[in-house]
Amino acid sequence: MLKEKTDVFGRVTDIDVLNLKSLAARAKPMIGPGEYGYISEGSDDGYTMARNTTAFEDVHMLPRVLRGVEAPNQQIEFMGSKLSSPLLTAPIAGNTLAHSSGEIGLAKGAKEAGIMMSQSTFASKTIAETAEISDGAPYMFQLYMPKDWAYCQYLLDEARQANASAIILTADSTLGGYRELDVINHYHLHGRIANLEGYNTGQKGVGAGGLFKESMQNLDLALIDKLAAYSKLPIIIKGIQTPEDANAAIEAGAAGIYVSNHGGRQLDGAPGSIEVLPTIAQVVDHRVPIIFDGGVQRGTHVLKALALGADLIGVGRPFSYGLALGGWQGVRNVAEQLKSEINIAMQLTGCQTIADVKKMTCTNSFKI
């Protein structure tokens with residue numbers, strides 16, 4: 001078993017989470033204005049980013065009573081991995097912007113909390129570095145499809161060597177959305193883009209703007225089979241926002257659907273993720289698992305997404321803020337806060353297991 005290395009994990013401390021919404025303001029002075037703007041901002045006017053959270057208010061749970069619920073069990077199995085809770089650290093680029101440990105701290109926190117971790121192509125630590133810390137814990141790799149197939153092969157080889165459960169192909173980010181704080185702060189993602197360095201390009205500190213230029217923009221359904229054939233891993237498509245795209249991806253061989261609008265960082269004016277989930281889940285019809293993210297800040301949000309058809313719930317920015325405030329322990333603390341809220345909500349809705357949550361009746365006023 002890997003021994004903890006304090007020099008690798010950096011500054012580590014437990015944090016009193018209270019709630020996920022409060023973490024942003026607390027983490028801001030720890031991160032710096034440019035970095036905080038990059039992490040926190042949505043695109044354009046921020047409508048979709050805000051709607052991701054506010055749309056949960058339009059979903060109502062119908063609680064059941066006298067159901068004999070005393071100690072709810074939120075454990076699940078997802079694509080062969082046993083998890084303590086249906087939670088995922090959503091893939092975020094350059095986590096050293098929040099804390100010196102970056103993805104190493106994120107992986108350690110996720111492992112200690114017993115939840116699924118995912119790592120971005122644009123991570124500040126290599127896949128191998130993260131895998132060493134994960135040490136067999138549940139892990140998925142998120143791929144921004146490069147124009148260079150040899151570089152793509154390198155990434156897939158590394159992910160397979162790291163025992164990744166699946167490859168998450170991000171399909172909604174062939175270029176970056178317009179984010180005004182980055183313009184005001186003259187900010188471009190900087191620091192180490194470790195997986196590019198690992199490919200032995202000789203480039204150091206390559207910014208994400210340059211990487212987006214090297215990302216493939218003419219993505220199509222044929223990529224699903226190409227990636228699956230080479231990697232021998234399940235391919236999950238991230239950025240699905242319509243039933244039509246979900247069905248097309250499954251028919252083309254996708255092993256999972258990831259409902260997401262990239263945290264409101266891409267197309268502003270799109271609906272909140274939770275608004276599109278019910279119709280997507282209806283067309284998926286349990287053929288493949290569904291991952292969901294977008295604006296999750298409460299345990300009740302997790303229950304609502306599960307009841308409307310999701311199988312695994314991604315949380316992004318709050319884990320970055322927890323990392324900034326407490327390193328890997330802050331990540332674990334954020335996960336444990338959510339798990340505590342999930343337990344409370346499960347008991348108050350009469351749900352003993354996550355299978356019960358998925359059968360729970362939820363009403364909504366969405367017209368999508």
Side-chain angles (χ1 to χ4, degrees), residues 17 19-20 52-53 55-90 110 113-117 138 140 165-166 236 240 243 246 255-260 272-315 318 332 334-366:
V17 175
N19 60 65
L20 271 60
N52 273 344
T53 296
F56 280 105
E57 298 173 8
D58 297 326
V59 181
H60 298 123
M61 299 176 288
L62 299 182
R64 300 294 302 275
V65 298
L66 302 178
R67 306 272 286 186
V69 176
E70 182 176 5
N73 179 1
Q74 59 184 277
Q75 295 176 350
I76 67 161
E77 184 170 317
F78 183 84
M79 299 188 85
S81 295
K82 294 182 179 180
L83 307 174
S84 69
S85 183
L87 297 175
L88 164 75
T89 65
I115 65 173
M116 179 74 78
M117 186 261 187
M140 293 190 287
S165 304
I236 297 169
I240 297 291
I257 296 299
Y258 194 144
V259 177
S260 173
S273 287
I274 197 69
E275 294 181 84
V276 302
L277 177 60
T279 54
I280 292 173
Q282 185 176 16
V283 77
V284 170
D285 193 24
H286 307 289
R287 288 179 288 169
V288 299
I290 297 174
I291 305 175
F292 167 91
D293 75 26
V296 173
Q297 295 186 347
R298 287 288 185 186
T300 50
H301 295 169
V302 174
L303 261 67
K304 290 176 181 182
L306 292 168
L308 292 181
D311 298 294
L312 188 68
I313 311 301
V315 178
R332 184 192 63 186
V334 172
E336 295 300 335
Q337 174 66 29
L338 263 181
K339 287 159 71 174
S340 174
E341 292 185 18
I342 290 168
N343 267 347
I344 293 170
M346 286 177 69
Q347 185 145 355
L348 293 179
T349 54
C351 296
Q352 181 67 46
T353 67
I354 296 300
D356 294 335
V357 173
K358 293 174 71 64
K359 296 174 186 174
M360 181 175 60
T361 300
C362 277
T363 63
N364 68 76
S365 56
F366 304 144

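We number each residue from 1, following the sequence as shown.
- Once rounded to the nearest 0.5 Å, the distance linking CG of Leu87 with CD of Glu336 reads 9.5 Å.
- Side-chain atoms of Ser85 and Leu338, non-hydrogen and from C-beta on, never get closer than 4.5 Å to each other.
- For Thr363, the side-chain contact (heavy atoms from CB on, under 4.5 Å) partners two or more places apart in sequence, or in a different chain, are His60, Leu62.
- Within a 6.0 Å radius of CD in Gln282, no more than 12 heavy atoms belonging to other residues, nucleotides or ligands are found.
- In this structure, CG on Asp293 lies 8.0 Å from CG on Asn52, to the nearest 0.5 angstrom.
- Looking only at side-chain heavy atoms (C-beta outward), Glu341 and Thr300 stay at 4.5 Å or farther from each other.
- When the shell of 6.0 Å around CZ of Arg287 is examined, it contains more than 12 heavy atoms from other residues, nucleotides or ligands.
- Between the side chains of Asn19 and Gln297, no donor N or O sits under 3.5 Å from an acceptor N or O.
- Counting all heavy atoms, side chain and backbone alike, Ala90 lies closest to Tyr258 at CB-OH, 3.7 Å.
- Screening residues 65-89 for ring-ring contact (aromatic ring centres under 6.0 Å, His included) gives no qualifying pairs among residues at least two apart or on separate chains.
- Closest approach of Asn364 to Pro278, counting heavy atoms only: ND2-CG, 4.3 Å.
- Side-chain contact between Leu312 and Ile76 is present, with heavy atoms from C-beta onward closer than 4.5 Å.
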